[in-house]
Amino acid sequence: MIDQPLMIYNTLSRRKELFRPLHAPHVGMYVCGPTVYGDPHLGHARPAITFDILFRYLTHLGYKVRYVRNITDVGHLEHDADEGDDKIEKKARLEQLEPMEVAQYYTNRYHKAMEALNVLPPSIEPHASGHIIEQEQLVKQILDNGYAYVSNGSVYFDIEKYNKDHKYGILSGRNLTDIINNSRELNGVGEKHNQADFALWKKATPEHIMRWPSPWSDGFPGWHCECTAMGRKYLGDHFDIHGGGMDLIFPHHECEIAQAVASQGDQMVHYWMHNNMLTINGQKMAKSLGNFITLEQLFTGKNEVLEQAYSPMTIRFFTLSAHYRGTVDFSNEALKAAQKGYERLMGTCEDIDRIQPSAKSDAETAKFVGGLRQRCYDAMNDDLQTPLVISALFESCHVINSILDHKAQISADDLKELKDTFHLFTFDILGLKNERAANNDAREKAFGKVVDMVLKLRAKAKADKDWTTSDQIRDELAKDGFEVKDTKDGVTWKLNI
């Protein structure tokens, strides 16, 4: 399986490339996780689900994947990468909490949402605030190599110096001359040589709570440092995949590349992968734009733009119905269509268990079943084309319905292959869950509790020698199919329908 010819789109080369791990069968994968200063929203779902699919598929193929997804809990400033309030500190001041209380609260909320979406936990989930030493070491290396400078206790990356020896902008395709503005009169540029220079370390203002000692000042690391430092710590100087949303290409990932090359002399990441954005009315969905919908609001329907609640698996199916590099625009109509599609797949999962195999398959069914697994692999191997996998599974629904309607026949061997393939790609690789089955289990437990409560009332009536009420409860239950038996060990019941 590990020899499957998986092609993935490399943002750096801007083309699909054959995936060749640096240290097969081991794969190192780093994905930028959330900044935990608010409830997780629909925009968080797409990168989490996209790279969950990649994690699942690489693992299925036989690779030993070390998946690192970070938590940003310090250094991400409000206005841009270098200026403004720390987002978590601002939230802490508003709510009169410690900054790490805010970070922990929203980290827990994020984990709960990811569990609902059936996103597997990463192998390692490092926090930026837990790796200050590693980030300081990175800054020292860049300073020692001459690609940074100290200014008023802060440390900035020297873009012009770096661009003379290397090229800045190779990931985003931007030209440095279009980025640099040499006017130091612009707001926030006073300490910098150029407007494009970015902070590696920021001197903390007196009111700044989250601060650490360093050779340059009491302060905190720049936003871009954390991923470079933590990726290197857990995956080595060179690793396979770095992922995130397309909005991170510039400046975050562009600056990561510059930091890595400036500190160690060469590229750290082999493949860069980016998912596209979820939009609402054609605009990026984001907290900063005020148009975001939290995942909890989606699950409960408590948002004015929502016509109903949408289950976690509907959201997952909605996300997978488009290719990860394509734009997906939010609408109630699209989510309702996803809900119908998801329910159709889950209904088929239940229908397939009702099939009674025949002595042999008819030719058309045998041909379809024989090619289904490879069709799904081909789709996944073509840069994770999950919409094509879903399309093939929908064709399976049609075949299964034809068999149940006695319009087609399937042998026991073909039925096993169909069931195995359907379950493999629906549940193991696409990561869907049958919420209907889970809800049925929950309903059955609640149902049993209600019956037990009624029988306790009957037991009390018997204890009070209220035989009329006791017999009435037993007889009414019997009318609805419940068989109640009084034994020496207590009361038992079962439903005979």
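The structure displayed is predicted, hence computed values, not measured ones.
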Margin query: Give me the atom names and distance for the closest heavy-atom approach of Phe318 to Asp329.
Written below: CZ-O, 4.2 Å

Next item on the list: Salt-bridge test for Arg109 and Glu296: reply yes if a basic N is under 4.0 Å from a carboxylate O, no otherwise.
Entry: yes

Note to self: Quick check for you: to the nearest 0.5 Å, what is the distance between Ile390 atom CD1 and Ser396 atom OG?
What the structure shows: 12.5 Å

Next item on the list: Find the distance between CG (Leu200) and CG (Leu138) and round it off to the nearest 0.5 Å.
Entry: 7.0 Å

Notebook entry, point to check: How long is the gap from CE on Met277 to CE on Met246, to the nearest 0.5 Å?
Noted result: 7.5 Å

Margin query: Which label fits Phe239 and Tyr30: parallel for a plane angle under 30°, tilted from 30 to 60°, or perpendicular past 60°?
Written below: tilted

Notebook entry, point to check: If we ignore angles and hydrogens, is there a donor and acceptor under 3.5 Å between the side chains of Tyr9 and His323?
Noted result: no

Notebook entry, point to check: Any luck finding a side-chain donor-acceptor pair between Gln264 and Asp266 under 3.5 Å?
Noted result: yes

Notebook entry, point to check: Within a reach of under 6.0 Å around NZ of Lys16, are more than 12 heavy atoms found that belong to other residues, nucleotides or ligands?
Noted result: yes

Check: Is the count of non-hydrogen atoms from other residues, nucleotides or ligands lying under 6.0 Å from Arg66 atom CZ greater than 12?
Finding: no

Margin query: ring pair (Phe, Tyr, Trp, His ring centres under 6.0 Å) for Phe19 and Tyr63? Distances and angles first, verdict last.
Written below: CA-CA 12 Å; Phe19 179 65; Tyr63 292 105; 5.7 Å; yes

Notebook entry, point to check: Relative to the ring of Tyr168, is the ring of Tyr162 parallel (under 30°), tilted (30 to 60°) or perpendicular (over 60°)?
Noted result: perpendicular

Item checked: Residue Glu115 excluded, over 12 heavy atoms near CD under 6.0 Å -> no

Item checked: Whether His253 and Trp272 hold their rings parallel, tilted or perpendicular, with breakpoints at 30° and 60° -> tilted

Checklist line | Whether over 12 other heavy atoms sit under 6.0 Å from Lys167 NZ | finding: yes

Notebook entry, point to check: Does Arg344 make a cation-pi contact with Phe394, if we ask for NZ or CZ under 6.0 Å from the ring centre and within 45° of the axis?
Noted result: yes

Checklist line | side chain to side chain contact (heavy atoms under 4.5 Å, CB included), paired with Cys32, selected from Glu256, Arg69, Glu226, His274 | finding: Glu256

Next item on the list: Determine, using ring centers only, whether Phe51 and Tyr324 are less than 6.0 Å apart.
Entry: no

Check: Does Asp413 pair with Lys416 as a salt bridge, N-O distance under 4.0 Å?
Finding: no

Next item on the list: Answer whether the closest heavy-atom distance between the side chains of Lys91 and Tyr106 falls below 4.5 Å.
Entry: yes

Checklist line | Geometric class of the His423/Phe427 ring pair [parallel <30°, tilted 30-60°, perpendicular >60°] | finding: perpendicular

Check: Can a salt bridge be assigned to the pair Glu435 and Lys433 using a cut-off of 4.0 Å between side-chain N and carboxylate O?
Finding: no

Checklist line | Validation row: Ile257, Val269 side chains within 4.5 angstrom (heavy atoms) | finding: no

Next item on the list: Kindly give the heavy-atom pair with the smallest separation between Asn276 and Arg325, and that separation in Å.
Entry: ND2-O, 3.0 Å

